Amino acid sequence: MQLEKIRAGSECKGAGKQAVIEYRQEKLSVNLKKLGRMKICILGAGAVGSHIAEALYQHGAGLYGGRVTLVDHDGVDGSNYTKQSGLYGPEDLGRPKAIALARRINRIVGNEGYFIPMNTDICELGEAFFSGFDVIFIAVDNFRARLHINKMVRQSQHTPVVITTGTGTDKAESICLDMKRLCTRCLWSESWLEDVTGPKSCRFAYEAQEKAGVIPTSKLLSALAGLLAFSQMNALAEGHEEVLNTRKEAFVSPTGIDVYTSRPLPKQNCPDCAVSAPKSVVSMEGSVFDMTLDTFLKQVRKRTGWDTVWALGDGFLLHDYCPRCGAKKEVYRPARWLNREQLICVQCREQLPLQDLPAVEFVNAYSMDSEPRLREMKLSELGMRPWGYIQVEKELDFWDGCQAEGMVFTLDEQMSDNGYLIGEEEDT
């Protein structure tokens with residue numbers, strides 16, 4: 001029987017000598033070809049995410065025509081070293097995590113295009129981005145990001161398997177979900193979501209009733225969480241679908257490590273389980289960072305043949321004055337980027353309690369009759385996400401009892417070689 005061997009790269013930069021990385025099937029307990037074909041995304045390159053990335057490259061994941069994408073928006077900090085993979089070095093301090101980690105792995109393997117870094121805010125990625133993967137690892141430490149990921153995956157055309165993982169003071173866990181029978185929100189109490197910017201270290205802060213600060217953990221637990229997550233993905237690659245919708249927990253004590261497996265249950269009346277993908281999505285060339293609203297509407301009219309087109313958004317504030325005193329103050333921002341202090345002038349901010357602010361109206365739909373300054377803005381400036389769905393409707397006479405005729409569009413975003421979305425660098 002011929003043994004499988006993959007040479008990942010010709011040369012790696014080592015300590016003054018050439019290095020060759022080989023993946024030998026006889027030395028690995030995984031199926032190289034099955035793992036190598038998978039399209040994988042790691043959301044978060046910190047304590048747990050870096051250990052997942054290390055396990056993936058060491059087992060050749062993505063090398064047979066698949067890919068591994070690494071997404072994070074934070075920089076490497078000195079306090080991270082105590083829990084993260086040893087792949088980060090002192091020279092990485094201050095660099096974006098995703099870019100630093102991907103470059104280090106690509107040098108080791110000898111393939112600069114192996115791990116694809118994205119230095120991007122996860123909460124700014126749209127639905128179509130998440131549909132491009134077989135498996136998504138969630139290794140982020142706040143509910144705002146986890147809630148966004150859950151909603152986007154539930155609405156994506158191709159539903160990937162989601163493996164969500166994290167640590168506590170004495171525990172590491174990984175939960176593998178098919179996102180059909182139950183989703184990540186099914187795992188949480190709704191009371192945990194009252195403050196989605198709340199404490200870190202995932203769900204364990206709320207379980208322990210600790211409402212502030214960072215939950216202490218360790219490199220051992222981070223590594224265990226990453227390895228539990230990898231083991232679940234590897235089981236899927238081998239065809240063991242029984243791993244879907246299971247939770248693996250590892251408890252660490254002075255006397256050893258105990259691992260348990262259980263099955264979480266769907267949550268009754270889960271709001272996100274009620275969300276579903278649109279029947280069809282039309283792909284359009286371009287980027288939200290380059291295309292103006294005017295250009296988008298004209299292209300939609302050309303494709304649909306409709307005389308009038310309405311593009312729906314999440315809310316945009318177009319304000320020229322302070323709603324309290326009437327002083328000139330320009331505020332042109334998407335609703336989700338806006339905080340209440342930005343609505344009023346400096347003088348009123350110092351005098352008026354924020355809870356007493358007057359209500360403001362947001363623009364939620366755009367057409368060729370919208371104000372010229374709106375039509376000249378880039379879609380990203382209006383709050384449209386890269387790879388996001390843009391709902392478009394045809395104007396009908398609703399007095400006749402007709403329902404709007406609609407379509408869903410998304411733009412084909414492109415990544416640059418340096419880990420940024422093309423066009424995003426100018427916006428950030």
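Note that the structure is a prediction, hence the values are computed from the model and not measured.
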Rounded to the nearest 0.5 Å, how far apart are [atom1] of [X] and [atom2] of [Y]?
{"X": "Thr69", "Y": "Ile116", "atom1": "OG1", "atom2": "CD1", "result": "4.0 Å"}
{"X": "Ser262", "Y": "Ile175", "atom1": "OG", "atom2": "CD1", "result": "8.0 Å"}
{"X": "Lys267", "Y": "Leu182", "atom1": "NZ", "atom2": "CG", "result": "10.5 Å"}
{"X": "Glu173", "Y": "Tyr260", "atom1": "CD", "atom2": "OH", "result": "14.5 Å"}
{"X": "Asp72", "Y": "Asn119", "atom1": "CG", "atom2": "CG", "result": "8.0 Å"}
{"X": "Trp188", "Y": "Cys270", "atom1": "CH2", "atom2": "SG", "result": "9.0 Å"}

- Query: Is there a side-chain contact (heavy atoms from CB on, under 4.5 Å) between Ile390 and Leu379 once you walk through the steps?
  - Reply: CA-CA 10 Å; Ile390 304 175; Leu379 294 177; 4.2 Å; yes
- Test side-chain contact (heavy atoms from CB on, under 4.5 Å) applied to Ile105 and Leu70, step by step: CA-CA 11 Å; Ile105 291 173; Leu70 188 60; 5.7 Å; no
State, yes or no, whether a side-chain contact exists between [X] and [Y] at a heavy-atom distance under 4.5 Å.
{"X": "Cys186", "Y": "Pro264", "value": "no"}
{"X": "Thr165", "Y": "Ile52", "value": "yes"}
{"X": "Arg185", "Y": "Arg154", "value": "no"}
{"X": "Leu177", "Y": "Cys183", "value": "no"}
{"X": "Met407", "Y": "Val300", "value": "no"}
{"X": "Leu43", "Y": "Phe130", "value": "yes"}
{"X": "Leu125", "Y": "Thr120", "value": "yes"}
{"X": "Leu63", "Y": "Leu35", "value": "no"}

Indicate the atoms forming the closest heavy-atom contact of [X] with [Y], along with that distance.
{"X": "Tyr366", "Y": "Met384", "answer": "CE1-CE, 4.0 Å"}
{"X": "Ala100", "Y": "Val76", "answer": "CB-CG2, 4.4 Å"}
{"X": "Met38", "Y": "Ala237", "answer": "SD-CB, 3.7 Å"}
{"X": "Val288", "Y": "Lys378", "answer": "O-CB, 3.8 Å"}
{"X": "Arg263", "Y": "Asn245", "answer": "NH1-O, 3.3 Å"}
{"X": "Leu101", "Y": "Tyr88", "answer": "CB-OH, 3.6 Å"}

- May I ask you to decide if the ring planes of Phe129 and Trp387 are parallel, tilted or perpendicular, using 30° and 60° as cut-offs? tilted
[X] side chain vs [Y] backbone, donor-acceptor pair below 3.5 Å:
{"X": "Glu238", "Y": "Asn31", "answer": "yes"}
{"X": "Gln25", "Y": "Leu32", "answer": "yes"}
{"X": "Asn106", "Y": "Ala102", "answer": "yes"}
{"X": "Arg181", "Y": "Pro266", "answer": "no"}
{"X": "Asn142", "Y": "Ala145", "answer": "yes"}

- Flag for Arg146-Thr184: side-chain donor and acceptor within less than 3.5 Å: no
- Message: Under the rule for side chain to side chain donor-acceptor pair (under 3.5 Å), what residues qualify as partners of Glu241, not counting sequence neighbours?
- Response: none
- For the pair Cys176 and Val161, evaluate side-chain contact (heavy atoms from CB on, under 4.5 Å) and give the outcome as yes or no after the intermediate values. CA-CA 7 Å; Cys176 182; Val161 170; 3.7 Å; yes
- Query: Does a sphere of radius 6.0 Å around CD in Gln268 hold more than 12 heavy atoms from other residues, nucleotides or ligands, not counting ones at 6.0 Å or beyond?
  - Reply: no
- How about Glu285: does its CD atom have over 12 heavy atoms from other parts shown lying under 6.0 Å from it? no
- Item | Pairing of Arg385 and Asp314 as salt bridge, 4.0 angstrom limit | yes
- Message: Under a 4.0 Å threshold between the charged nitrogen and the carboxylate oxygen, would Lys27 count as salt-bridged to Glu22?
- Response: no
- Message: Show every side chain to side chain donor-acceptor pair (under 3.5 Å) that has at least one partner inside residues 44-62, sequence neighbours left out.
- Response: Glu54-Ser85
- Item | side chain to side chain donor-acceptor pair (under 3.5 Å): pairs with one or both residues in residues 122-137, sequence neighbours excluded | Glu124-Arg336, Glu124-Trp337
- Stepwise side-chain hydrogen bond (donor to acceptor under 3.5 Å, both in side chains) test for Ser287 and Glu413: CA-CA 5 Å; Ser287 168; Glu413 305 291 340; 2.6 Å; yes
- Item | Stepwise side-chain contact (heavy atoms from CB on, under 4.5 Å) test for Met233 and Leu56 | CA-CA 10 Å; Met233 189 207 72; Leu56 289 176; 3.7 Å; yes
- Looking at Phe133, does the NZ or CZ of Arg67 lie under 6.0 angstrom from its six-membered ring centre and within 45 degrees of the ring axis? yes
- Taking Ser174 as the fixed residue, which of Gln232, Lys248, Glu249 is the one that meets the side-chain hydrogen bond (donor to acceptor under 3.5 Å, both in side chains) rule? Gln232
